[in-house]
Amino acid sequence: MGKFKIITGTIVMCLFLLAFTGNLLAASPITLDGQFDDWEGQACMNDRAYDSNPSGDILKFYWATNDDDSNLYFMIERRGWGDENDPVPTVYRLNLDLSDNGIYHNGNDRYLLIQYHPFLDGLVAIDLYKGNGKYMKSYSGNWGESTPGGGRKCEFSVSMDDLHMFPAQSIRMYVESYHIINDRCPDSGDIQWSPIPIMPLWALISIFVVALLTGTYFIRKRMKA
C-alpha cells in the first residue's frame with residue numbers, strides 16, 4: 001500500500017511537471033520588433049470595448065519578462081477604426097507603484113509616457129518619469145504596428161535598473177490613454193505583479209526532479225522506520 005502511494009505521488013508530480021513546462025513552452029520570449037505573435041500565452045488583462053473613442057479605446061494590456069533579462073515588457077492593444085487601418089497617434093501613461101502601497105505620486109514611484117505613432121512606421125517614443133513628475137530618460141523604437149499593418153498594437157520595455165527596482169519586487173500598475181475620451185485598464189483599482197525573469201527550462205526541470213527525489217527518499221525512509 002505504501003509503495004502504491006509513492007508510485008501514485010510520483011505519477012501526479014510528473015503530470016504536473018509536464019503541464020507546467022508545457023505552459024512555459026507555449027509562451028515565447030518577447031522581442032521588440034513590432035510583431036506580436038510572441039505575446040501569445042503571456043499574462044494580460046482585457047478591457048471593455050466602446051468606453052472611449054476608437055483610437056484611445058484600450059482592449060488589452062499585456063506584461064511579461066524574459067529568461068535572464070532584467071527588462072519589463074509591455075504591450076497595449078487598442079480598438080482602432082474597425083476594419084480600417086488606424087493612422088491616429090495616441091498617448092498612453094503606464095503608472096508604476098514601486099512601493100506597492102496604492103500611491104503613485106511618490107518620488108520612488110515611476111510612470112512612462114508612451115507616444116504611439118502608427119503613421120511613422122509604428123514609432124513608439126517613451127519618456128520615463130519619477131512619480132513626482134521629475135524627468136529621468138527617453139528612448140524610442142519602431143515597436144508598434146504601422147498604419148498599413150493595422151495601427152492598433154504597440155510594445156515597449158523598461159529596465160529594472162532604470163526603474164531602480166529589483167527582481168521579484170512587488171509592484172502595482174495600471175495604464176491609461178489620453179484622447180478625446182480617456183480610457184483606463186483596469187477601469188478601477190490596479191494590477192499587482194512581482195516580476196521575476198523566467199528561469200531556464202532545464203533549471204525548472206532540475207528543481208522539480210530534485211524535489212521529487214527528495215520527497216520520495218523521505219517517504220521511503222519514514223516507511224522503513
Side-chain angles (χ1 to χ4, degrees), residues 27-47 52 55-80 86-98 104 109-131 133 135-147 149-165 167 169 171-179 182-186 190-191 193-198:
S28 303
I30 302 300
T31 303
L32 295 185
D33 55 5
Q35 304 296 318
F36 300 93
D37 289 344
D38 49 3
W39 286 98
E40 185 68 28
Q42 300 290 354
C44 76
M45 175 168 284
N46 296 328
D47 188 63
S52 177
S55 297
D57 191 1
I58 299 171
L59 293 184
K60 291 185 178 181
F61 172 51
Y62 286 81
W63 58 94
T65 56
N66 281 342
D67 176 20
D68 296 330
D69 187 338
S70 63
N71 291 327
L72 308 185
Y73 293 88
F74 302 95
M75 193 270 274
I76 303 172
E77 179 180 354
R78 62 181 181 172
R79 176 163 56 94
D86 194 342
V88 181
T90 194
V91 177
Y92 300 109
R93 173 167 164 158
L94 174 57
N95 300 279
L96 301 170
D97 170 20
L98 300 188
Y104 285 83
D109 297 320
R110 304 285 184 266
Y111 66 87
L112 302 175
L113 286 183
I114 305 106
Q115 301 179 51
Y116 171 37
H117 302 278
F119 66 95
L120 294 178
D121 197 23
L123 176 66
V124 180
I126 309 289
D127 293 318
L128 172 62
Y129 292 87
K130 292 186 177 182
Y135 170 81
M136 296 181 69
K137 67 180 303 182
S138 299
Y139 35 95
S140 62
N142 298 104
W143 306 321
E145 286 183 335
S146 63
T147 299
R152 298 183 182 89
K153 299 176 181 178
C154 68
E155 58 186 355
F156 53 94
S157 70
V158 59
S159 74
M160 294 187 189
D161 289 340
D162 288 345
L163 294 174
H164 298 171
M165 64 172 290
Q169 179 177 336
I171 65 175
R172 295 175 185 266
M173 60 185 179
Y174 68 92
V175 65
E176 52 192 335
S177 67
Y178 293 134
H179 234 276
N182 295 346
D183 197 11
R184 188 185 194 278
C185 180
D190 45 30
I191 300 162
W193 182 31
S194 297
I196 304 175
I198 301 169

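Because the structure is a prediction, the values reported are computed rather than measured.
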Inset, instruction - Decide yes or no on side-chain contact (heavy atoms from CB on, under 4.5 Å) for Asn71 and Asn66, but give the supporting numbers first. - result: CA-CA 8 Å; Asn71 291 327; Asn66 281 342; over 6 Å; no
Legend entry - Reported CD-to-CD distance for the pair Glu77 and Glu145, which is rounded to 0.5 angstrom: 7.5 Å
Inset, instruction - Please report the shortest heavy-atom distance between Pro29 and Asp38, naming the atom on each side. - result: O-CB, 3.5 Å
Legend entry - Atom pair SG (Cys185) and CG (Leu59), whose distance is rounded to the nearest 0.5 Å: 9.5 Å
Inset, instruction - Please confirm whether the backbone N or O of Arg79 pairs with a side-chain atom of Arg152, one donor and one acceptor, at under 3.5 Å? - result: yes
Inset, instruction - Determine whether Ile58 and Arg78 make a side-chain contact, defined as any pair of heavy atoms from C-beta on separated by less than 4.5 Å. - result: no
Inset, instruction - Find out whether the Lys NZ or Arg CZ of Arg93 is both under 6.0 angstrom from the six-membered ring centre of Tyr178 and within 45° of the ring's axis. - result: no
Inset, instruction - For Asp121 and Ser146, test the side chains for any donor-to-acceptor distance below 3.5 angstrom and give the result as yes or no. - result: no
Inset, instruction - Measure the shortest side-chain to side-chain distance between Met75 and Ile30 over non-hydrogen atoms and say whether it is less than 4.5 angstrom. - result: no
Inset, instruction - Output, in order, the C-alpha distance, side-chain angles, deciding distance and verdict of side-chain contact (heavy atoms from CB on, under 4.5 Å) for Thr65 and Trp193. - result: CA-CA 11 Å; Thr65 56; Trp193 182 31; 3.8 Å; yes
Legend entry - CG-CE distance between Leu112 and Met136, expressed to the nearest 0.5 angstrom: 10.0 Å
Inset, instruction - For residues Arg110 and Leu128, determine if any side-chain heavy atom of one lies less than 4.5 Å from a side-chain heavy atom of the other. - result: yes
Inset, instruction - Return the orientation label for the Tyr111 and Tyr129 ring planes: parallel under 30°, perpendicular over 60°, tilted otherwise. - result: parallel
Inset, instruction - Let me see the working for Asn182 and Glu176 under side-chain contact (heavy atoms from CB on, under 4.5 Å), right down to the final yes or no. - result: CA-CA 7 Å; Asn182 295 346; Glu176 52 192 335; 5.9 Å; no
Legend entry - Glu155 side chain to Phe36 backbone, donor-acceptor under 3.5 Å: no
Legend entry - Side chain proximity check, Cys154 to Tyr92, heavy atoms < 4.5 angstrom: yes
Inset, instruction - Please name the pair of heavy atoms, one in Tyr73 and one in Ser157, separated by the smallest distance, quoted to 0.1 Å. - result: CD2-CB, 3.6 Å
Legend entry - Val158 side chain reached by Leu163 side chain, heavy atoms, under 4.5 Å: yes
Legend entry - CZ on Arg172 to CG on Leu98, rounded to 0.5 Å: 12.5 Å
Legend entry - Phe74 and Phe61 aromatic ring geometry - parallel, tilted or perpendicular at 30°/60° bounds: parallel
Legend entry - Heavy-atom pair with the smallest gap, counting every atom of Ile76 and Phe156: CD1-CE2, 4.0 Å
Inset, instruction - Apply ring-ring contact (aromatic ring centres under 6.0 Å, His included) to Tyr174 and Tyr104, showing your working. - result: CA-CA 10 Å; Tyr174 68 92; Tyr104 285 83; 5.0 Å; yes
Inset, instruction - Mind running side-chain contact (heavy atoms from CB on, under 4.5 Å) on Trp143 and Ile114 for me, showing each step along the way? - result: CA-CA 11 Å; Trp143 306 321; Ile114 305 106; over 6 Å; no
Legend entry - Taking every non-hydrogen atom, the tightest pair across Ser140 and Ala125: CB-CA, 3.8 Å
Legend entry - Heavy-atom side-chain contact between Leu94 and Trp63 under 4.5 Å: no
Inset, instruction - Check whether any side-chain heavy atom of Leu123 lies under 4.5 Å from a side-chain heavy atom of Gln115, and answer yes or no. - result: no
Legend entry - Atom pair CG/CG of Asp162 and Leu72 - distance to nearest 0.5 Å: 10.0 Å
Inset, instruction - Report yes if some heavy atom in the side chain of Asp47 is under 4.5 Å from a heavy atom in the side chain of Asp183; otherwise report no. - result: yes
Legend entry - Shortest non-hydrogen contact from Gln42 toward Ala64: OE1-CB, 3.4 Å
Legend entry - Heavy-atom pair with the smallest gap, counting every atom of Met45 and Pro186: SD-CB, 3.4 Å
Legend entry - CD1-CG distance between Ile191 and Asn95, expressed to the nearest 0.5 angstrom: 11.0 Å
Legend entry - Side-chain (Asp97) to main-chain (Ile171) donor-acceptor, under 3.5 angstrom: no
